[in-house]
Amino acid sequence: MRHLIDPMDLSVEELDKILSLAGEIMTNKAKYSERCKGKKIATLFYEPSTRTRLSFESAMLELGGSVIGFSEASSSSVSKGESIEDTVRVVGCFADVIAMRHPNEGAPLLASMYSPVPVINAGDGGHNHPTQTLTDLLTILHEKKRLDNMTIGLCGDLKFGRTVHSLVKAMSRYEGIKFVFISPKELKIPEYILTEVVEPAGIEYEEVTSLEDAMPDLDLLYMTRVQRERFFNEADYIRLKDTYILDVKKLESAKEDMVILHPLPRVNEISPEVDKDPRAAYFRQVMYGKYVRMALILTLLGLNY
C-alpha cells in the first residue's frame, strides 16, 4: 500500500508515469469514466479549501466513484476530541482512499501510519502540498513541453508557502533548473529548503527582492499570495500583503513564452487585467489539477492499467 505525503515519495519515473496517465485521461475521458466504480474517496479537510477539495471530489466522481468526508473539523468528531489516529482507522472502514488537509505539519504522515487505506496529503500547514506539485508539474509539462532547462521565479510568500516548498523539491530533480526566489526578507525561502534540497542537488539559485529586475530572465513565474492564516501578527500581514502585485506593466519585460502559475486562491497579487494574457496559465492549472488527481487515485488504487 502506497501513500503520498511528500512529493519526494515518488521517484522521477513514478512521477512521469502519473503525468503520462493524466495526459491520457485528458484525451480519452470515456475510457476511465467507470474505472473507480464502487470505490470511495474520503476527503478529510480540517481547514478550509475550495479548489483542492472539489478537485479531489470531482476527480473521483469523473472516475465513476463516490465521495464521503467533511469540509471542516467542526463538523466531525474531531470537535469531540477524537484523535487523527482513530479518525483514519474509522474512515478507512468506509473508504478506499483518504485525502487529508490539516493545519498541523506532519498530520497526514501520522494518519498514514494508522490508516488501512492509502492517504494523500492534501496540504499540511506550511510544509507540503504534493498534489499541488503534481498539478504544477503537469501544467508546466503541457505549457512548456518540458520539465528541464528553465529558470523558475517563485514570488511572494516563500516562507510559509507549502506549494513553493513542494515544487522546489520536485523541480530540483530535473536538469538545467535555476531558481530565483523573490520575496521580502521576512518571507524568504526557509534555510532548510536551501541546505537540504537545493544546494545538495547542485541547483543554481539567487534570492532577490525585486520582481521587475528578475522578470526578463524567467521562463516560469510562480506567484503566491501572502497568507493571512499563517501569520501570528495581523500588523505584519497588512504590511507585507501587497509587496508584489503582478500587472500588465511588469509583464512588458517578460519573455513572450513565459508561463505564469498561481496555486490560488488569488487575492490581489495578480491584477485581473493579466488574466487575458495568454501567458497566464493559472486557471488552466486548475483543470490540470483534476486530471492529475484522477491519475494519482488510479495509481494508488492499482487501477492505472
Test salt bridge (charged side-chain N to carboxylate O under 4.0 Å, His left out) on Lys31 and Glu24 and set out the steps. CA-CA 9 Å; Lys31 177 181 177 181; Glu24 184 180 342; 2.8 Å; yes

Test: salt bridge (Lys or Arg N to Asp or Glu O under 4.0 Å). Region: residues 282-291. Which pairs qualify, not counting sequence neighbours? Glu62-Lys290, Glu143-Arg284

I'd like to know whether NZ of Lys17 has more than 12 heavy-atom contacts from other residues, nucleotides or ligands below 6.0 angstrom. no

Are any non-hydrogen side-chain atoms of Arg146 and Asp219 less than 4.5 angstrom apart? yes

His262 vs Tyr282 aromatic rings, parallel, tilted or perpendicular, using cut-offs 30° and 60°? perpendicular

Salt bridge or not between Arg53 and Glu57? Use side-chain N to carboxylate O under 4.0 Å. yes

Atom of Leu298, atom of Cys36 and distance for their closest heavy-atom approach: CD2-SG, 3.8 Å

Within-4.5 Å side-chain heavy-atom neighbours: Leu154 and Leu167: yes

If only atom types and distance count, is the side chain of Arg173 paired as donor or acceptor with the main-chain N or O of Ala201 below 3.5 Å? no

Nearest non-hydrogen partners of Leu220 and Met258, listed with the distance: N-CG, 4.0 Å

Against the six-membered ring of Tyr305, is Arg35 placed for a cation-pi contact (under 6.0 Å from the centre, within 45° of the normal)? yes

Quick one: are Lys169 and Asp6 in side-chain contact, heavy atoms under 4.5 Å? yes

Take atom OH of Tyr114 as the centre, draw a 6.0 Å sphere, and report whether it contains more than 12 heavy atoms from other residues, nucleotides or ligands. no

d(Leu21 CG, Leu296 CG) to nearest 0.5 Å is 10.0 Å

So if you build clusters from Ile, Leu, Val, Met, Phe, Trp, Tyr with side-chain heavy-atom gaps below 4.5 Å, do Val12 and Met171 land together? yes

Determine, stepwise, if the pair Asp213 / Val208 fulfils side-chain contact (heavy atoms from CB on, under 4.5 Å). CA-CA 9 Å; Asp213 291 347; Val208 301; over 6 Å; no

Hey, what's the ring geometry for Tyr192 with His165, parallel, tilted or perpendicular (30° and 60° as the breaks)? perpendicular

If you measure from CD on Glu273 to CG on Leu251, what distance do you get to the nearest 0.5 Å? 8.5 Å

I'd like to know if Glu206 and Lys178 make a salt bridge, using a cut-off of under 4.0 Å between side-chain N and carboxylate O. yes

Does atom NZ of Lys188 have more than 12 heavy-atom neighbours from other groups under 6.0 Å away? no

State the OG-NZ distance between Ser66 and Lys39, to the nearest 0.5 angstrom. 11.0 Å

Is there a donor-acceptor pair closer than 3.5 Å between any side-chain N or O of Lys145 and the backbone N or O of His142? yes

Would the distance check show the side chain of Asp124 and the main-chain N or O of Gly106 forming a donor-acceptor pair, the cut-off being under 3.5 Å? yes

Where do Arg266 and Arg225 land on the side-chain contact (heavy atoms from CB on, under 4.5 Å) test, with the steps shown first? CA-CA 6 Å; Arg266 166 178 60 180; Arg225 69 185 172 95; over 6 Å; no

Mind checking whether Met8 and Leu300 sit in one hydrophobic cluster, side chains of I, L, V, M, F, W, Y counted as touching below 4.5 Å? no

Check: Leu246 main-chain N/O paired with Glu269 side-chain donor or acceptor under 3.5 Å: no

ILVMFWY network linking Val88 to Val90, side-chain heavy atoms under 4.5 angstrom: no

Backbone N or O of Asp257 within a donor-acceptor pair of the Lys144 side chain at under 3.5 Å? yes

Do the charged groups of Arg162 and Asp157 touch, with an N to O distance under 4.0 Å? no

Would you name the heavy atoms of Ile5 and Asn121 that are closest together and state the gap between them? O-ND2, 2.9 Å

Tyr288 and Thr139: which non-hydrogen atoms are nearest, and at how many Å? CD1-OG1, 3.2 Å

What do the steps show when you test Leu44 against Val91 for side-chain contact (heavy atoms from CB on, under 4.5 Å), and what is the final call? CA-CA 9 Å; Leu44 310 185; Val91 174; 4.2 Å; yes

Give a yes or no on whether the backbone of Glu82 and the side-chain of Asp86 come within a donor-acceptor separation of less than 3.5 Å. no

Could you go through the side-chain hydrogen bond (donor to acceptor under 3.5 Å, both in side chains) check for Ser55 and Arg293 one step at a time? CA-CA 8 Å; Ser55 182; Arg293 289 182 176 97; 2.9 Å; yes

OG (Ser112) and CE (Met100) are apart, to the nearest 0.5 Å, by 9.5 Å

Contact check, side chains of His102 and Ile84, non-hydrogen atoms, under 4.5 Å: yes

Any side-chain heavy-atom pair of Phe181 and Val168 under 4.5 Å: yes

Would Ile68 end up clustered with Val119 when hydrophobic side chains under 4.5 Å apart are linked, directly or stepwise? no

Using a 3.5 Å distance criterion without hydrogens, assess whether the side chain of Arg101 forms a donor-acceptor pair with backbone atoms of Glu47. no

Verify side-chain hydrogen bond (donor to acceptor under 3.5 Å, both in side chains) between Ser166 and Asn128, making sure each step is shown before the conclusion. CA-CA 5 Å; Ser166 291; Asn128 275 316; 3.0 Å; yes

Hydrophobic cluster membership, Leu54 vs Phe56, 4.5 Å side-chain cutoff: no

With no hydrogens and no angle check, is any side-chain donor or acceptor of Lys250 less than 3.5 Å from a backbone partner on Ile245? yes

Gln132 vs Thr52, side-chain hydrogen bond (donor to acceptor under 3.5 Å, both in side chains): CA-CA, chis, key distance, verdict: CA-CA 8 Å; Gln132 181 64 50; Thr52 303; 5.0 Å; no

Mind running side-chain contact (heavy atoms from CB on, under 4.5 Å) on Asp96 and Ile41 for me, showing each step along the way? CA-CA 6 Å; Asp96 301 282; Ile41 187 170; over 6 Å; no

Please round to the nearest 0.5 Å and tell me the distance separating atom CG of Leu137 and atom CG of Asp16. 9.0 Å

So, taking the atom named CG in Leu147 and the one named CG in Leu141, what distance separates them when rounded to the nearest 0.5 Å? 5.0 Å

Might you work through the side-chain hydrogen bond (donor to acceptor under 3.5 Å, both in side chains) test for Glu175 and Asn149, ending with a clear yes or no? CA-CA 6 Å; Glu175 296 286 333; Asn149 297 304; over 6 Å; no

For Ile260 against Val274, the heavy-atom pair lying closest together: CD1-CG1, 4.0 Å

So do the side chains of Phe179 and Ile189 get within less than 4.5 Å of each other, counting heavy atoms only? no

Measuring only between side-chain heavy atoms, which start at C-beta, is Tyr222 closer than 4.5 Å to Cys155? no

Side chains of Leu194 and Tyr205 in contact at under 4.5 Å (non-hydrogen atoms): yes

Could you pull out the closest heavy-atom pair between Tyr244 and Ser183, with the gap in Å? OH-C, 3.1 Å

